[in-house]
Amino acid sequence: MSTPTTGPSRRAPITPADPAVFVGFGASGDLTRRKLVPALINLRRADALPAGFAFLAVIRQADVGGTLAEDVLRTADEHLDTPLTDEERGWFLGRIGVVVGDVEQPALYADIAARLAELQAEHGTGGNALFYLATPPQLFAPIAAGLGQAGLLDEAAAGGWRRVIVEKPFGSDLASAQALNRALAAVLNERQIYRIDHYLGKETVQNLMIFRFANSIFEPIWNRRYVDHVQITVAESDGIGSRGGYYDAAGALRDMVQNHLFMLLALTAMEPPISFDADAVRDERLKVLQAIAPFTRAMVQRDVVRAQYASGRVKDVPVKGYPQEDRVAAGSTTETFVALRLQIENWRWAGVPFYLRTGKRLARRVSEIAVHFRQPPFMMFRDTGVRSLNCNVLVIRVQPEEGITLHVDAKVPGQALDLETVAMDFKYDDAFAQTPSTGYETLLYDALTGDQTLFHRADSTEVGWQVVMPILEAWQSQPAPPCYESGSWGPEESHELLERDGREWRRP
Ligand code: BG6
């Protein structure tokens with residue numbers, strides 16, 4: 001598992017996606033400029049976009065001076081690994097349309113229909129349209145309804161497919177997620193709905209399934225007999241930046257745990273699907289979430305830690321605390337850190353604790369899954385100088401420095417019997433040529449080709465919420481969360497959560 005055995009990356013030629021119009025709601029926003037348009041350009045560079053392609057930007061406020069397309073391209077350019085060429089500029093500017101209006105007014109959808117028909121005729125997009133809802137979440141349902149009422153989601157009438165990508169957050173609790181699912185189901189078939197989770201677009205996250213199910217050596221030991229416990233860490237060194245308005249109402253449990261961390265958990269713990277088909281994979285991911293032992297009040301008290309960052313130093317730079325951030329309510333109790341211990345109640349994992357933690361303003365930005373194996377059953381070195389053995393740990397690094405490391409004990413050279421933990425290391429960068437990526441390429445390509453594997457299905461969004469609801473409810477009657485110093489690894493209580501079980505968090 002150390003050096004590449006395959007040489008430089010061998011990429012299979014990619015089949016271009018279906019011809020389509022990409023209809024971007026909220027197209028003047030950050031996500032479109034910084035991620036989606038650069039991702040589309042990267043897909044084109046990889047020959048993954050079809051010749052028949054057009055972009056329809058839907059915006060709320062007039063495109064004064066007609067500069068939107070140029071503006072979007074300018075920001076996109078800053079987020080590409082290599083600058084845009086004149087040819088690429090020409091390509092994008094030659095196939096973008098703009099529609100302006102209020103998403104709650106039917107007139108907007110009539111304009112979209114007219115513009116869509118023009119772009120379709122001009123660029124040969126064959127009736128296919130991918131609607132991307134990169135808007136504030138309260139507009140998801142009204143936009144779906146507007147599209148539905150205007151007949152824009154009717155595939156038979158369109159003579160092509162119609163799909164909708166819904167950004168996060170998908171609801172703010174179980175009831176709102178159910179209401180959103182109902183609103184989508186009123187106008188769309190589940191096979192037309194793509195609920196995005198950008199963690200599923202990360203290469204290493206996708207690789208988890210390949211790693212587990214395309215190799216035969218891991219599955220036999222991937223269970224309660226060999227695994228002592230699992231740690232999933234998604235640590236960020238950034239604070240909330242300018243997102244106080246959204247974040248203060250959300251908090252880390254809603255923002256990260258209920259979606260991203262649960263997907264990492266599901267991919268780590270799921271059973272082998274019967275095929276690589278979208279529903280086969282999603283069925284297995286769902287079963288993991290369904291098997292999480294429900295949190296009682298006592299469990300929330302004992303097994304869930306929340307905290308809020310105070311000022312401190314991150315990478316030697318002084319930073320302010322959460323209460324001092326913009327658009328954070330005075331006296332806010334919103335958590336910016338969560339650590340929890342959960343159990344998956346099934347045959348494979350009974351008795352194996354899963355520890356999850358995520359937080360902002362932590363010491364480093366690092367996401368990893370660490371599978372800690374059991375101690376050897378018998379300490380045969382007891383009469384030597386060796387006092388204890390370390391557990392083997394398999395670490396799947398999601399970001400940065402994507403790769404996989406296996407920690408094993410080895411003898412230190414010399415006459416004395418001395419052991420030390422060494423690492424067998426696989427680094428993506430060593431084995432494969434880097435592909436420029438914003439993290440959205442695979443997800444957009446999959447939506448354009450109709451592959452829902454990496455998207456949430458209605459049931460998994462709801463089960464995710466079901467798991468966290470008792471925690472959110474219990475917190476309402478608990479005192480304000482403790483603080484942790486910015487630049488640390490979280491509050492003392494998070495360390496105590498593991499110490500109580502005779503374990504400790506890995507220092508990534
Ligand atoms: C988003 C959250 O979904 O994921 C942000 O809303 C978070 O709060 C971000 O910072 C983390 O994503 P990544 O890809 O940088 O790990």
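Note that these values count all heavy atoms, side chains included, but never hydrogens, waters or copies made by symmetry. Quantities reported herein were computed from a predicted structural model and do not represent experimental measurements. Atoms within each ligand, like the ligands themselves, are counted from 1 in listed order.
Salt-bridge formation is not detected for the pair K35/D30: no Lys NZ or Arg NE/NH1/NH2 atom is positioned less than 4.0 Å from an Asp or Glu carboxylate oxygen. Using a 4.0 Å cut-off between charged nitrogen and carboxylate oxygen, K287 and E271 do not count as a salt-bridge pair.
Counting only residues at least two apart or on different chains, the ring pair (Phe, Tyr, Trp, His ring centres under 6.0 Å) pairs with a member in residues 179-198 are Y194-F455, H198-H260.
Residues passing the side-chain contact (heavy atoms from CB on, under 4.5 Å) test with N215, sequence neighbours excluded: F211, F218.
Ordered by chain and residue number, the residues placing a heavy atom less than 4.0 Å from ligand 1 are K168, H198, Y199, K202, E236, R243, D255, M256, H260, K360, R365, Q399.
Ring to ring, W349 and F354 are close: their centroids are under 6.0 angstrom apart.
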Considering only distance and modelled atom types, tabulate donor-acceptor pairs under 3.5 Å from the side chains of residues 311-318, sequence neighbours left out.
| residue | atom | partner | partner atom | Å |
| --- | --- | --- | --- | --- |
| R313 | NH2 | D316 | O | 2.9 |
| K315 | NZ | S237 | OG | 3.4 |

